[in-house]
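Quick notes on the structure that follows.
Read the numbers this way: they start at 1 and go in the same order the structure lists the ligands and their atoms.
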Amino acid sequence: MENLEEKLKVLYSEEEVQKRIAELAKQIDEDYKDIKELIVICILKGAAFFTVDLVKKMKTPIIFEVMQVSSYSGTETTGAISIKKDLDCDISGKDVLIVEDIIDTGYTLRALRQDLLSRKPNSLKIAVLADKKERRKVEVPVDYVGYEIPNKFVVGYGFDVDEYGRNIPYVGYLEN
Ligand code: IMP
Ligand code: MG
């Protein structure tokens, strides 16, 4: 995609994002200070950038896992997802943190959470970089939120427009 960056307005600069992630990492370390290990599940592809920076700033011993899911288009009412890449490990009895790029309607994270809860983890929490609260259709408990953002289409730092722009190092938005 040509000239994508020219169409973007900066929402959070690279420095701001890294500073906010350091705060989240500190908070997560605090909350998990008594546990032996935490399974961190990075939800591909969008959350890859956020997850890597987050875990590098954490002190808690982690196991790094990835999952890739996709929502079935046109099924917003059921919010069903299909798992394109599943975990490599059994999470029963484990402490688990899902790391996702954004919560929008909430359908994806609700379905993912239900799926992972059925595997009987000891605990399950959710971290998102961005929360578009006003778009929410279903309630999902989110434990760590980088930013509550306005209802704009964000691009960069993992967020894509038709797969482009994920590697832009800041979070921008497309002007309407
Ligand atoms: P939800 O099921 O509606 O909460 O969908 C969340 C998914 O929608 C995210 O994982 C993103 O892939 C995508 N998404 C929602 N808003 C944006 C945006 O502003 N930029 C890029 N992707 C978005
Ligand atoms: Mg996407």
Side-chain angles (χ1 to χ4, degrees), residues 1-14 16-18 20-21 24 28 39-55 64-87 91 96-119 124-176:
M1 187 175 285
E2 279 174 58
N3 308 324
L4 176 57
E5 281 202 69
E6 285 170 22
K7 297 179 195 134
L8 290 183
K9 278 248 174 23
V10 178
L11 188 59
Y12 303 109
S13 71
E14 189 172 359
E16 283 176 295
V17 170
Q18 293 303 323
R20 182 69 189 119
I21 293 174
L24 290 175
I28 294 169
I39 297 185
V40 174
I41 305 177
C42 168
I43 308 302
L44 298 176
K45 302 172 193 168
F49 301 75
F50 172 40
T51 315
V52 167
D53 285 341
L54 180 70
V55 298
F64 186 82
E65 283 286 324
V66 298
M67 269 183 98
Q68 189 167 13
V69 301
S70 61
S71 337
Y72 293 106
S73 51
T75 56
E76 271 215 348
T77 45
T78 63
I81 53 167
S82 71
I83 296 177
K84 291 166 85 178
K85 158 78 178 83
D86 207 342
L87 299 174
I91 59 167
V96 177
L97 177 66
I98 302 173
V99 183
E100 175 59 308
D101 54 359
I102 191 165
I103 179 164
D104 186 30
T105 62
Y107 286 119
T108 308
L109 269 174
R110 183 181 65 169
L112 183 63
R113 182 172 176 273
Q114 288 309 328
D115 183 289
L116 294 176
L117 281 176
S118 74
R119 307 182 198 195
L124 181 65
K125 286 190 179 187
I126 298 176
V128 298
L129 181 62
D131 181 353
K132 266 189 206 173
K133 219 166 194 169
E134 62 185 277
R135 293 254 310 156
R136 196 80 81 259
K137 295 265 175 54
V138 289
E139 280 315 308
V140 184
V142 179
D143 303 278
Y144 306 101
V145 176
Y147 299 105
E148 276 188 23
I149 65 167
N151 186 13
K152 292 186 184 301
F153 196 83
V154 289
V155 182
Y157 199 69
F159 299 112
D160 70 305
V161 199
D162 298 334
E163 297 300 326
Y164 292 95
R166 294 194 198 272
N167 62 323
I168 292 169
Y170 55 87
V171 178
Y173 65 92
L174 282 174
E175 281 189 289
N176 308 313

Is there a side-chain contact between Arg20 and Tyr12, using heavy atoms and a 4.5 Å cut-off?
no
So does Phe64 have more than 12 non-hydrogen atoms from other groups sitting under 6.0 Å from CZ?
yes
If the cut-off is 4.0 Å to any non-hydrogen atom of [X], which atoms of ligand 1 fall inside it?
X      : result
Gly106 : 1 (P), 3 (O), 4 (O)
Lys152 : 19 (O)
Thr108 : 1 (P), 2 (O), 5 (O)

Heavy-atom contact under 4.0 Å between [X] and ligand 1?
X      : result
Glu100 : yes
Lys132 : yes
Lys137 : no
Asp160 : yes

Please tell me whether Tyr144 and Lys125 have a donor and an acceptor in their side chains that are separated by less than 3.5 angstrom.
yes
Counting only heavy atoms closer than 4.0 Å, does ligand 1 sit against the backbone of Ile43, its side chain, both, or neither?
neither
Pairs in or reaching into residues 46-55: which pass side-chain hydrogen bond (donor to acceptor under 3.5 Å, both in side chains), with residues at least two apart or in two chains?
Gln18-Asp53, Asp53-Tyr157
Would a distance-only check, ignoring hydrogens and angles, find a side-chain to backbone donor-acceptor pair under 3.5 Å from Lys137 to Gly106?
no
Do Asp143 side-chain atoms and Ile126 backbone N/O form a donor-acceptor pair below 3.5 Å?
yes
So, is Val154 polar-close to ligand 1, with some N/O to N/O distance under 3.5 Å?
yes
So, using side chain to side chain donor-acceptor pair (under 3.5 Å) as the criterion, who are the partners of Lys7 when residues are at least two apart?
none
